[in-house]
Amino acid sequence: MAGVAGKFVKSGLLRVQSNAVIQQSHLSTLRDLSAGKKAGVAVIGSLIGGAAGLAYTLDQSVKASGLDLHAPSFPWSHNGVFSSLDHASIRRGYEVYKQVCSACHSMKYLAYRNLIGVSHTEDEAKEEAAGIQVTDGPNEEGNMFQRAGKLSDRFPSPYANEEAARNANNGALPPDLTYITAARHGGEDYLFSLLTGYTDPPGGITLRDGLYYNPYFPGGAIGMAQALYNEVIEYADGTPATASQMAKDVSTFLKWAAEPEHDDRKKMALKALMLFSFLISVAYYWKRHKWSVIKSRKIIYKPKE
């Protein structure tokens, strides 16, 4: 039996070795090529790669219009890892939205109570809410009625419905601004560039009536006219209301509206960093304490005499 088993094992090993030799011969076909053939393969590969790169570049150049600009990155005060939003700027930005932007744009997902502790005190927020009229009801007689706004009310919309908004803006629908910085590539950089980027169209570009040229808007033709001019409003805190200042303030306000947890998130990150730094030190010491015996032990084999 032992002899028969040995024959089977030897035959199996021979088969395995022969298969390995066959596989090696298949894998070594490129190695067996002459130097000229290898150079030819390398040239063909380079040409294919270059052609693919050229095709991709041409495709991207055809897609780009050459007239659209990407918003640059501005040094916002809240860009730092642990930097908070400028709350004085948020308050001024609310003034810009209330006096300028709210004529066309809604912020239907933001309530007056959200302003408390951010840009306004509770009494100031109540005063702001009381300045609007809200349709409520029905009353005991089954009729709808008008009442003064409360903290729980959301910011009013300038139009009754979407059709009314389109009719008043030559068919264009003004977007809701609550989450606009999160919905647009570039965020507050894009908004600031858009608000301050209005200019005359370049030569060869003709816009139809009701459109305005802004290179930061996709396509260049935008249905919103320039809304911010120097001294178009007067800030309550006396800050000079230049166009760039108002664009900066309203962009900061809309950044907060889209991310009201911005400051709390960074505070939590700082606390987590401090806590985990301590826990990592404790875990490292505990690991050294537990593994010191195992790492330093010696295993000695003593055969029996």
Side-chain angles (χ1 to χ4, degrees), residues 70-102 105-129 151-155 175-197 216 228 235-286:
H70 293 284
S73 297
F74 295 102
W76 299 94
S77 60
H78 55 265
N79 278 349
V81 179
F82 301 115
S83 300
S84 65
L85 291 167
D86 184 352
H87 287 250
S89 183
I90 293 176
R91 184 184 180 103
R92 292 194 299 269
Y94 168 74
E95 294 182 39
V96 177
Y97 168 76
K98 177 183 175 181
Q99 300 184 44
V100 180
C101 307
S102 63
H105 295 274
S106 63
M107 294 190 74
K108 58 185 178 182
Y109 301 107
L110 200 65
Y112 285 97
R113 65 172 179 269
N114 300 128
L115 300 174
I116 299 176
V118 177
S119 58
H120 295 71
T121 64
E122 183 175 351
D123 292 338
E124 290 173 335
K126 287 181 178 179
E127 184 178 353
E128 290 292 328
L151 288 176
S152 58
D153 292 322
R154 300 184 184 274
F155 286 13
D176 184 87
L177 297 182
T178 312
Y179 300 107
I180 194 69
T181 59
R184 296 294 184 270
H185 178 70
E188 59 269 37
D189 291 327
Y190 167 75
L191 290 181
F192 180 87
S193 300
L194 183 72
L195 292 172
T196 58
Y216 293 101
L228 301 181
Y235 281 131
D237 61 359
T239 301
T242 61
S244 59
Q245 180 68 49
M246 290 185 288
K248 179 255 184 185
D249 291 335
V250 75
S251 297
T252 304
F253 170 69
L254 295 176
K255 172 69 174 179
W256 165 78
E259 301 180 37
E261 78 288 349
H262 179 276
D263 291 355
D264 292 333
R265 184 178 69 244
K266 290 189 175 182
K267 287 180 183 178
M268 185 60 66
L270 181 60
K271 293 178 182 179
L273 183 62
M274 297 173 61
L275 177 61
F276 281 109
S277 298
F278 172 74
L279 293 179
I280 288 173
S281 302
V282 173
Y284 180 73
Y285 174 81
W286 186 256

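For the numbers below, each heavy atom of this structure counts, side chains included, while hydrogens, waters and symmetry mates do not.
Side-chain contact between Leu110 and Tyr97: absent, with no pair of heavy atoms (C-beta onward) separated by less than 4.5 Å. Inter-residue side-chain proximity for Val250 and Leu177 is flagged as unmet; no heavy-atom pair is nearer than 4.5 Å. Side-chain atoms of Val81 and Lys266, non-hydrogen and from C-beta on, never get closer than 4.5 Å to each other. Side-chain contact between Pro72 and Ser193 is present, with at least one heavy-atom pair separated by less than 4.5 Å.
A side-chain N or O of Asp176 and one of Thr178 form a donor-acceptor pair less than 3.5 Å apart. For Trp256 and Asp263, the side-chain atoms include no donor-acceptor pair closer than 3.5 Å. Of the N and O atoms on the side chains of Tyr94 and Glu128, at least one donor lies less than 3.5 Å from an acceptor on the other residue.
Using the six-membered ring where Trp is involved, His262 and His78 have ring planes that are perpendicular, over 60° apart on the 30 and 60° scheme. Using a 30° and 60° split on the angle between ring planes, Phe155 and Tyr112 fall in the tilted class, from 30° to 60°.
Formation of a donor-acceptor pair under 3.5 Å by the Asn79 side chain with backbone atoms of Phe74 is found in this model. Remark: side-chain polar atoms of Gln245 are not paired, donor with acceptor, to backbone N or O of Thr242 under 3.5 angstrom. Asp249 places no side-chain N or O within 3.5 Å of a backbone atom of Met246 that could act as its donor or acceptor partner. Side-chain atoms of Thr196 come within 3.5 Å of backbone N or O of Phe192 as a donor-acceptor pair.
Environment of CZ in Phe82: crowded, with over 12 heavy atoms of neighbouring residues, nucleotides or ligands closer than 6.0 Å. For Glu124, the CD atom counts as densely surrounded, since its 6.0 Å shell holds more than 12 non-hydrogen atoms of other residues, nucleotides or ligands.
How far SG of Cys101 is from CD1 of Ile180: 11.0 Å, rounded to the nearest 0.5 Å. Distance check, rounded to the nearest 0.5 Å: CG of Leu151 to CD of Glu122 gives 6.0 Å. Ser152 OG to Arg113 CZ: the interatomic distance, rounded to the nearest 0.5 Å, is 6.5 Å. In this structure, Asp237 CG and Arg92 CZ are separated by 5.5 Å, a value rounded to the nearest 0.5 Å. We find the CZ-CG distance between Arg91 and Asp86 to be 13.0 Å, quoted to the nearest 0.5 Å.
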Report task. For the pair Val96 and Tyr235, evaluate side chain to side chain contact (heavy atoms under 4.5 Å, CB included) and give the outcome as yes or no after the intermediate values. Result -> CA-CA 9 Å; Val96 177; Tyr235 281 131; 3.4 Å; yes

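Of the options Lys248, Glu188, Met107, Lys98, a side-chain contact (heavy atoms from CB on, under 4.5 Å) to Phe253 is made by Met107 and by none of the others.
Considering every non-hydrogen atom in both Ser251 and Trp76, the closest pair reads CB-CH2, 3.7 Å.
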